[in-house]
Amino acid sequence: MNVQALLNPQQQKVVTTTEGPLLVLAGAGSGKTRSIIYRTAYLISEKKVNPYNILIVTFTNKAADELKERLQKTFDLHIFSLWVGTFHSICVRILRRESDHLDFSSNFSIYDTADQKSLLKKIYKKLDIDAKKFSLEKVRSIISRQKSSLILPEDFFSFNPENFFTKQVHRIYRQYQSELKQNNALDFDDLLMFTALLLHKNKNIKKKYANQFKYIMIDEYQDTNYAQFKLINLLAESHQNLCVVGDDDQAIYSWRGATIQNILNFEKDYQNVKTIRLEKNYRSPKSVLSLANSLITKNSDRHTKELWTDKESALKPKLVKLSDERTEADFVFEKISELKKKEEIALNNFVILYRTNAQSRVLESRSLNHDINYQIIGGVNFYQRKEIKDILAYLKILVNPEDNESFLRIINSPRRGIGKVTQKRLLNFAENYRLSLFAALGKDELYDHLGNSAQKVKNFFRQILDWKKEAQELEITKFLEKLITELELLSLYDSDDPQDISRSENIKEFLGATREFSENYQQNNQEEPSLVHYIQNLALQTDIDNYDETENSVKLMTMHNAKGMEFDYVFIVGVEDNLIPHSRSLDEPKQLEEERRLLYVAITRAKKNVFMTYVQTRRVFDMITAAFPSRFLMEIDEELLETENGQYYENQVPRTPVRRKKSVVTENKKHFKIGQKIEHAKYGKGVILNVDGRGIDAKLTISFSGGKLKKIIGSFVKKI
DNA sequence: CCACGTTGTGTTTTT
DNA sequence: CACAACGTGG
């Protein structure tokens, strides 16, 4: 393996320093991933380490897949026994294997944020707690924080002050854990917490995994939380062969419990730590890097380092002031068209970054006027869409009959005439007999309590039992097809309503994804995947894991999602106070620093140049509000940023928010008129027969040239 | 039991 | 605005 030719001296050092604790402070674009891959290859082919003895933790599943692929293709290594994955997926794997030592079984359900909230809502009712005083999101995040810090309900008051508020939170937390257990379900944080606790409590199991993972590498170490720190610490303490890679300047997940102290204190947590700094940036030109450096040096809590590059560029980052968010979107798309034409590059070399998902909406609707394909990454996760979650709930109930949450989701969806009253009776019965809802269906006495609905419930039970049997016999894709057919899901969404069209498309896409998973799995494992395996894997999938970077389209995503990626041209929209830094982060200096890092991450994605935009008025809900350039812009050296129109530091007169007039739009002022000719990307040209609603979101009834009649939302068509 | 209307409520970021 | 929670009439 010729390391010298392909890596710079620091990277080489990372690769060849295999023993003992190693801290790699790797700036943005400094060849971090490359170093990890080479280090792994070096361990296997030069040091003759068995792949089975290596653990690599990546930040996304996608990164894990790519790493595996490159090891296989570039280095021709057989690495199927190598463990690569995210913290969560690795924990699932361990928990499934070790379920004998745990008080849940290996077919556990994994609850996402929405599941957590719906469970909490039920608990509020039971404990008579007011959701207005104890906001669901707030309590959910407090509980999440406890778990990230390995604080169980019984230890709660050792770490939290005791007052009225915390007492209630404690009650909720205790009940929440007990209900999760009843459902044989774990939330995301449980996956980490229970794995860490298992290794902590059970010396034999700890020994087993510490022996297996003789070499450990962790990517994005700056974004790990205490549970993750502890987990790794337990595994690495005996051999100390731990390499962590990260950049404290890119720590952007403290709100999720990540603590930057993990990377700042690594040299104290482990002994005889070797530290290597990767400061040469291979991605961005000097102009972009100076901008980024100028910003990040305003942060105090950091390892000092300075990124450098020898890449020159005539281009200068630009700052552009626009009047409102629509003009902003138009500007961005026009600029992209212009650059695309001028440089003859494909659309996938452009990215538009924003602070909040809500900002994608305008961009989406304006893109139609510019003939630019786009792809949104993130937002509502594919697997969290209603129609998909419904199907998943069926699968979960078949795998884990104790999962009451999933049970309640499916019992009357699609409608089968089992309404609230019957459900209430069933719940009471199950509670009296201390049974799960599904198990209650197996008791004959139940049906005496159900009156007219008894037969419907019986039919439902029978159906579930049949599916359960089939799920075991059939290959998962086959089974899924059968389930979808028998539930008549596709015909349920068979209308011209764009929402229904997208729902049935999602279901088909889900089937496709299942088929792909099944085929891959069979190839790698020489056997069919089980349903449990499949759905536990699904729960941890994200949008980023599945997106296609080769597709010819502009990518739209949050700054958070852009971590680890790179693009020729980066457009950052809404560089305003209240967005970046976000209004919720203004008071706390620590949070302000994190917002600054977030903008730093966004800027350092650029291979060629960066455009930042801000507007003067922005619509928030139904209000038009005055917007102001981000305070971060004032910190940047003036000469590093070219302003296209107007100075960003000019004094603006704060304007009072303007409430949008509720004017009645007369027929001829409407955005769309009856008789108007339009064009749709898929259906072609047509004429509007009816307009329901106002403006761009009106529901249009359109007769298309082929004779087809469709109902379509205004924003999906172009006026011609 | 359910469809459909009305009222109320809330948007940071995600595994 | 968008969507969830509630109430009413069939």
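In the text below, chain A, chain B and the rest are named by the order of the sequence lines, each starting its count at 1.
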For a quick check, tell me whether the side chain of A/Arg584 and the base of B/dT12 share a donor-acceptor pair closer than 3.5 Å. no

Rounded to the nearest 0.5 Å, the CD1 atom of A/Ile260 sits from the CZ atom of A/Arg302 at a distance of 10.0 Å

A/Gln228 CD to B/dT14 C1', straight-line distance once rounded to whole Å: 12 Å

From CD1 of A/Ile377 over to C1' of B/dT13, roughly how many Å is that when rounded to an integer? 16 Å

So which one's nearest nucleotide on DNA chain B is more toward 5', A/His560 or A/Ile418? A/Ile418

CZ/A/Arg140 to CZ/A/Arg145 distance, rounded to the nearest 0.5 angstrom? 10.5 Å

Could you tell me how far apart A/Leu592 (CG) and B/dT12 (C1') are, to the nearest whole angstrom? 14 Å

Closest to side chain of A/Thr356, choosing from B/dC1, B/dT15, B/dT12: B/dT12

Whole angstroms only, please: what is the CG-C1' distance between A/Asp187 and B/dT15? 11 Å

Each nucleotide N or O in nucleotides 5-9 of chain B that has a protein N or O under 3.5 Å away: list the pair and distance.
none

Distance check needed: B/dT15 C1' versus A/Asn537 CG, whole Å only. 13 Å

Does the separation of the ring centres of A/Tyr534 and A/Phe517 fall below 6.0 angstrom? yes

Of the listed B/dT14, B/dC1, C/dA4, the closest approach to the A/Arg140 side chain comes from B/dT14

For A/Asn357, which contact category applies under a 4.0 Å heavy-atom criterion: base, sugar-phosphate, or nothing? sugar-phosphate

N/O donor-acceptor pair under 3.5 Å between A/Asn262 side chain and A/Thr224 backbone: yes

Would you call A/His88 stacked on B/dT15, i.e. ring centres under 5.5 Å apart with the planes less than 30° off parallel? no

Under the criterion of centre distance below 5.5 Å and interplanar angle below 30°, is A/Trp255 classified as stacked on the base of B/dT12? no

From CZ of A/Arg385 across to C1' of C/dC3 the rounded distance in Å is 16 Å

Minimum-distance nucleotide (side-chain atoms of A/Glu595 versus B/dT14, B/dT12, B/dT15): B/dT12

Between CZ of A/Phe134 and CG of A/Leu127, what distance do you get to the nearest 0.5 Å? 11.0 Å

So A/Asn561, base contact, sugar-phosphate only, or nothing? Heavy-atom distance under 4.0 Å. sugar-phosphate

Please find the pair of heavy atoms, one from A/Ser148 and one from A/Arg256, that lie closest to each other, and give the distance. OG-O, 4.1 Å

Dump every N/O contact between nucleotides 5-10 of chain C and the protein below 3.5 Å, one line per pair.
residue, atom, partner, partner atom, Å
C/dA5, OP1, A/Lys121, NZ, 2.5

With a 3.5 Å cut-off and sequence neighbours excluded, list the donor-acceptor pairs that the side chains of residues 578-587 of chain A form with protein atoms.
residue, atom, partner, partner atom, Å
A/His582, ND1, A/Arg584, N, 3.1
A/Ser585, OG, A/Glu595, OE2, 3.1

Let's see if you can work this out: which of B/dC2, B/dT12, B/dT14 has an atom nearest to the side-chain heavy atoms of A/Tyr253? B/dT14

Counting just side-chain N and O atoms, does A/Lys117 come under 4.0 Å of either OP1 or OP2 of C/dA4? no

Classify the nucleic acid contact of A/Lys563 as base, sugar-phosphate or nothing, counting any heavy atom under 4.0 Å across all strands shown. nothing

Which nucleotide, B/dC1, B/dT15, B/dC2, lies nearest any side-chain atom of A/Thr542? B/dT15

I'd like to know if the side chain of A/Thr422 and the backbone of A/Ile418 have a donor-acceptor N/O pair within less than 3.5 Å. no

d(CD, A/Gln116; C1', B/dT15) in whole Å: 11 Å

Nearest 0.5 Å, what's the CG-NE2 distance between A/Leu540 and A/His88? 7.5 Å

Can you tell me how far the CG atom of A/Asn428 sits from the CG atom of A/Leu446, to the nearest 0.5 Å? 11.0 Å

When rounded to the nearest 0.5 Å, the distance separating NE2 of A/His560 from CD1 of A/Ile252 is 4.5 Å

Rounded to whole Å, the CZ-P distance (A/Arg416 to B/dC2) equals 11 Å

Determine the contact category for A/Thr113: base if any of its heavy atoms lies under 4.0 Å from a base atom, sugar-phosphate if only primed atoms, P, OP1 or OP2 are that close, otherwise nothing. base

